[in-house]
Structure formats: C-alpha cells, structure tokens
Amino acid sequence: MTTNDLREHFLRILTPVMGSGEARSVARLVLEDAFGSRPGQRARQLEADEQQLAWTIENRLLAGEPLQYVTGIADFYGLQLRINPSVLIPRPETEELVEWVLAEHGPDEIDVLDIGTGSGCIALAIKHRRPLWSVSALDVSEAALEVARDNGKRLQLNINWQVSDILEPTFSPAGHRYDVIISNPPYVLPSEQAQMSKSTVSYEPPQALFVPEDDALVFYRRILELGKTMLKSNGRVYFECNEFKAKEVAILATESGYADVDIRKDLQGKDRMVKAVLAH
C-alpha cells in the first residue's frame, strides 16, 4: 500500500461517516501528522508497521475518537501542540481570545497569567508572539501541566508553569501582580451535554469542561476576586465564556468593581469573550 492508496482508503471509509469535506480534511491531517506525507509529495510505499498504524487509526476514528487525540497533535495559533486526553483539544474561538489580548498590548514586557492552561495553548501562543512578556500558567491537573511543560520545552518557549487549585481557600498569589490575567475556565453545565458532540463528552476531560449546575460562574467569580490582589493598577482580565453566560459574566465583573467591561462575539457571532479592567 502506498501513501496515495492510504489517502484514498481513508476518504472511502470516512466520507459516509463525516461527509466529503471533513473526510478530506481528516485524511490530509492523518497523512501529514502520522505518516509525514504532504499533498504534492511523491507517493511512497508504507512499511509494515505503518500499515498496522493505519489500521489502528482507522478503528479509532470510526469509534468516534477525536482526530487530535488519535494523532496526538493539535494546531493552535500557528503552533503545533502535542496533546492527549488529559487536556482539552484547543478550539478556534480560543485563538480569538489570544488575538484580542495581543491586539491590545504591544511588544514591551508585561506580566501575564493564564489560569487553567491545559495544553498550554494560550500561554504558549502569547509567548511565541510576545517573547518579551513574562508569562506564567497554572492548572489544577498535574497531568495537564505535564503536557503543557512538554510543549513548552519542545517549542523552546519559557513559561512559569504552576500546579494550583484556585478554588482552594488556601490558594495564595504569593504577592506577584500581573498586567493581564487570561482564562478559558470550565464553563459547560451538565444539562448541556445533550447539545455537545459525543466525541467531546466521551473523550475530553470532564474536569476541564463542566461546572456545577447550580454555580455556573464559580471560576469567573473566583478569578475576579483574585484579580483584586493579583492585578496591577489598570490590569485587565480576559475570559472565554459559555455563549449563554457572557452577559452574566460581564455583570459579575461590574458588580465586582471592574470597569470598561466589554463583551466580544466570536467569528460565529456568539457572545464568547469578556474583558474587564481593574481601575484602582
């Protein structure tokens, strides 16, 4: 079997399941990420172990496992990240959050904290584009931080990684103050599972997805509270939000004493991001 044969095989088996457009995209990424074969390259014969790998990938995809977990690779804001099921798959709307932060802050050094970093996608994308910035990132999951640290080392981007649970009463910011806090915290209600894709519910880490049904804003409330001691004067907090809760997050920020609260839509027209300024 050649790489061209494999591409055609994946198209044939995936098109009835995904549709032709997505099947072409998945087949291309599988060939690139798992077999190093890019469009336009001369076809080559697959080795025996590669044919076994192709069979394994086929079965995992047909079982509904997300492509990024199958290949172990996710693209985010121009970076290629290694991921596994201990972290969320980076989303395009999170790239828009990064873009907002970069658009509002120039190249000069500032201190940035990413809360709930997961794969490290936000912190790494920011550090990659703003090398003079001092970037720290924390997560409650040691397994997630292992992925983030590995990505940082591989990409040669220096981030201060920390294992911390911000919901613990004993959490302490240790006196450090930041110009920017950015967070894409858990924000999905358990009652919303029916509207989510089966692959997300089945494969992505629930700790990084779900919040208590009766306290959807728990992480936003805590981060806004911490921001009062962790942000510098006129420091800013940027959130990614549940599209149905952005207005509530904005109201919470205002009630918490923040100013210049702004809601921004994502490219799908959904209220997805909130910014607030701590003016003191």
Side-chain angles (χ1 to χ4, degrees), residues 68-69 72-91 93-95 97-102 105 107-187 204-211 218-220 222-227 229-232 235-240:
Q68 293 89 342
Y69 290 151
I73 293 174
D75 294 321
F76 184 83
Y77 212 78
L79 299 177
Q80 193 172 75
L81 305 178
R82 301 286 182 181
I83 67 164
N84 63 39
S86 64
V87 299
L88 291 181
I89 298 168
R91 293 335 199 245
E93 52 266 30
T94 308
E95 293 184 326
L97 183 66
V98 169
E99 183 69 27
W100 195 4
V101 175
L102 294 176
H105 300 272
D108 294 342
E109 182 178 352
I110 61 173
D111 291 298
V112 179
L113 175 63
D114 172 25
I115 295 179
T117 194
S119 64
C121 60
I122 290 174
L124 293 166
I126 284 174
K127 185 66 175 179
H128 181 246
R129 294 300 180 96
R130 296 287 189 267
L132 295 181
W133 290 9
S134 175
V135 181
S136 300
L138 61 83
D139 202 285
V140 68
S141 167
E142 178 59 56
L145 277 180
E146 185 176 338
V147 173
R149 288 192 192 101
D150 177 67
N151 281 320
K153 289 177 183 177
R154 199 171 41 79
L155 295 168
Q156 298 183 315
L157 295 170
N158 184 28
I159 309 290
N160 176 28
W161 307 108
Q162 307 169 32
V163 178
S164 295
D165 183 356
I166 65 167
L167 297 184
E168 280 292 325
T170 55
F171 174 80
S172 170
H176 194 86
R177 289 183 177 266
Y178 300 90
D179 298 280
V180 169
I181 293 175
I182 182 171
S183 183
N184 176 21
Y187 57 67
E204 299 199 56
Q207 184 181 35
L209 286 169
F210 296 107
V211 288
V218 56
F219 286 99
Y220 301 101
R222 179 60 169 157
I223 292 169
L224 289 166
E225 175 190 340
L226 291 170
T229 55
M230 295 178 70
L231 283 170
K232 299 176 184 178
R236 300 180 184 186
V237 59
Y238 295 83
F239 290 125
E240 183 174 324

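Source: prediction; values computed, not measured.
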Roughly how far, to the nearest 0.5 Å, is [atom2] of [Y] from [atom1] of [X]?
{"X": "Leu113", "Y": "Ile182", "atom1": "CG", "atom2": "CD1", "answer": "10.0 Å"}
{"X": "Ile166", "Y": "Leu138", "atom1": "CD1", "atom2": "CG", "answer": "7.0 Å"}
{"X": "Asn158", "Y": "Ser134", "atom1": "CG", "atom2": "OG", "answer": "8.5 Å"}
{"X": "Tyr77", "Y": "Leu102", "atom1": "OH", "atom2": "CG", "answer": "5.0 Å"}
{"X": "Ile126", "Y": "Cys121", "atom1": "CD1", "atom2": "SG", "answer": "9.5 Å"}
{"X": "Trp161", "Y": "Asp114", "atom1": "CH2", "atom2": "CG", "answer": "7.5 Å"}

Discussion item. So Val237 and Tyr220, do their side chains get closer than 4.5 Å, heavy atoms only?
Written reply: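 No, their side chains stay 4.5 Å or more apart.
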Worksheet item: Is there a side-chain contact between Pro205 and Ser141 (heavy atoms, below 4.5 Å)?
Response: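 No; the side chains remain at least 4.5 Å from each other.
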Fill in: Side-chain ion pair, Arg222 and Glu225, N-O less than 4.0 Å
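Counted as a salt bridge, because a side-chain N and a carboxylate O are separated by less than 4.0 Å.
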For the pair [X] (side chain) and [Y] (backbone), establish whether a donor and an acceptor sit closer than 3.5 Å, ignoring hydrogens and angles.
{"X": "Arg91", "Y": "Ile89", "answer": "yes"}
{"X": "Trp133", "Y": "Asp108", "answer": "yes"}
{"X": "Arg177", "Y": "Met230", "answer": "no"}
{"X": "Asp179", "Y": "Asp111", "answer": "yes"}
{"X": "Ser183", "Y": "Ile115", "answer": "yes"}
{"X": "Glu204", "Y": "Leu88", "answer": "no"}
{"X": "Arg130", "Y": "His105", "answer": "yes"}
{"X": "Asp139", "Y": "Gly118", "answer": "yes"}

Worksheet entry | Atom CD of Glu93 with >12 non-hydrogen neighbours under 6.0 angstrom |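 Correct, the count exceeds 12.
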Discussion item. Check this for me: Glu142, atom CD, are more than 12 non-hydrogen atoms of other residues, nucleotides or ligands nearer than 6.0 Å?
Written reply: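 Enclosed: over 12 neighbouring heavy atoms sit under 6.0 Å from CD of Glu142.
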Item to complete: Indicate whether any N or O donor in one side chain lies under 3.5 Å from an N or O acceptor in the other, for Asn84 and Ser86.
Response: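 The answer is yes; a qualifying pair exists.
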To check you understand the geometry: which heavy-atom pair defines the closest contact between [X] and [Y], and what is its length?
{"X": "Val98", "Y": "Ala125", "value": "CG1-CB, 4.1 Å"}
{"X": "Leu155", "Y": "Gln80", "value": "CD2-O, 4.3 Å"}
{"X": "Leu157", "Y": "Leu124", "value": "CD1-O, 3.5 Å"}
{"X": "Pro186", "Y": "Phe210", "value": "CB-O, 3.7 Å"}
{"X": "Tyr178", "Y": "Val112", "value": "CD2-C, 3.7 Å"}
{"X": "Gln68", "Y": "Ile83", "value": "CB-CD1, 3.5 Å"}

